[in-house]
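Read through the structure below, which is laid out as structure tokens, and then see the notes.
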2 protein chains.
Amino acid sequence: MDTEAQDFDVMTLGCPSRVIMQRLGDKWTPLVFLALKDGPRRFSHLRNDIGGVTPKVLTQTLRSLERDGLLNRTIYPEVPPRVEYELTELGHTVLGPLEVIRAWSQDHASLILQARDDYDERNDA
Amino acid sequence: MDTEAQDFDVMTLGCPSRVIMQRLGDKWTPLVFLALKDGPRRFSHLRNDIGGVTPKVLTQTLRSLERDGLLNRTIYPEVPPRVEYELTELGHTVLGPLEVIRAWSQDHASLILQARDDYDERNDA
DNA sequence: CGGCATCCTAGTTGATACTG
DNA sequence: CAGTATCAACTAGGATGCCG
């Protein structure tokens, strides 16, 4: 079958692709992806990797991503319990785009910080 | 001069680069960038291009981006007033990363939508 | 035309404590 | 260990109306 995916346009109000894009950009999603890029990780591992995340919010984020088919959650019936999260095939395809954003952010952070200082100085000094 | 930019790590709580990344991912920022990619645009033009944005939020977004040095605001002293927004050089460098995200979102929207349906059906039908 | 001021709501985030 | 429950902000976002 052909793609016909170009009905989607993020500029249009209510277009699903816009919601998708927003999910990618939310506060914790990119960080979860980056934490999972090298393979499966346990809950507590993720919590440690992602500075400042609380268990509740981490759970929420993971659930959303699981729902969207971007990662899998595997429960190992052991004592103590073990749960692993792993990117799906679809999830792996986001890694590239996200890395680009991450790189840009890290590379230009100091420039932007300075632009802010300049702006603030000009406008209320 | 050398880069020394690698002090920044989005995984670290409080790292500025994380804030930057979040700004890129907020609700309207990417859409503003995409609306400005082909050159300067007026306020009302942007408002029309970006489905669902209110004037207040558009203004807020534009101000933030101006403060971050990503776009310039030019006032033409005419009657009626004309104000144009244009990406700065720095602003143009985000366009690439953002287009990648946009493309991914539009290309995979239907897959994700379906994953959601499947998930919801499995879990509460 | 291009905003700003005001008020308001509704969803998100967070701190803390507790459980299977 | 891997969450859930509860409660308390917080604040982004929206509706409306006025001004230079």
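So you know, we letter chains A, B, ... as the sequences are listed, proteins then strands, and number each from 1.
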Within 45° of the ring axis of B:Tyr76 and under 6.0 Å from its six-membered ring centre, is that where the NZ or CZ of B:Arg82 lies? yes
Could you check how far CZ of B:Arg41 sits from P of C:dC1, rounded to whole Å? 18 Å
If every non-hydrogen atom of B:Leu34 is compared with every non-hydrogen atom of B:Arg102, which pair is closest and at what distance? CD1-CG, 3.8 Å
Where each residue is assigned the nucleotide of DNA chain C containing its nearest heavy atom, which of A:Pro81 and B:Arg47 is assigned the position nearer the 5′ end? B:Arg47
Among C:dT13, D:dA2, D:dG3, the nucleotide that comes nearest once only the side chain of A:Pro55 is considered: D:dG3
Side chain of B:Phe43 (C-beta onward), nearest among D:dC1, C:dG3, D:dA15: C:dG3
Using the closest heavy atom to pick a nucleotide of DNA chain C for each, name whichever of B:Ser44 or A:Asp26 lands nearer the 5' end. B:Ser44
What's B:Tyr76 touching, base or sugar-phosphate or nothing? Going by heavy atoms closer than 4.0 Å. nothing
Mind calculating the distance between CD1 (A:Ile50) and P (C:dG14) to the nearest angstrom? 12 Å
Given C:dG3, is OP1 or OP2 found less than 4.0 Å from the side-chain N or O atoms of B:Arg73? yes
How many Å lie between CG on A:Asn123 and C1' on C:dC4, as a whole number? 15 Å
Could you give the CG-to-C1' distance, from B:Leu58 to C:dC1, as a whole number of Å? 13 Å
Between B:Arg41 and B:Tyr85, is any side-chain donor less than 3.5 angstrom from a side-chain acceptor? no
Provide, to the nearest angstrom, the distance between the CD atom belonging to A:Glu84 and the P atom belonging to D:dC1. 14 Å
Looking only at side-chain atoms of A:Lys56, point me to the closest of C:dG3, D:dA2, D:dT6. D:dT6
Would you tell me if any nitrogen or oxygen in the side chain of A:Arg63 comes within less than 4.0 Å of OP1 or OP2 on D:dT4? yes
Choosing from D:dG13, D:dA2, C:dG2, which nucleotide comes nearest the side chain of A:Arg82? D:dA2
Could you tell me the separation between the CD atom of A:Glu78 and the C1' atom of C:dG20, rounded to a whole number of Å? 16 Å
Of all the choices, C:dT13, D:dG13, D:dA2, which nucleotide is nearest to the side chain of A:Arg42 once you look at every atom? D:dA2
Rounded to whole Å, CD of B:Gln22 lies from P of D:dA12 at a distance of 11 Å
B:Leu46 CG to C:dC1 C1', in whole Å, measures 13 Å
Comparing B:Gln60 and A:Thr59 on DNA chain D - which has the more 5′ nearest nucleotide: A:Thr59
Nearest to the side chain of A:Val83, which nucleotide is it out of C:dG14, C:dG3, D:dG3? D:dG3
Does any non-hydrogen side-chain atom of B:Ile101 lie less than 4.5 Å from one of A:Met21? yes
Point-to-point distance, once rounded to the nearest 0.5 Å, from CG of B:Asp26 to CG of A:Asp26: 11.5 Å
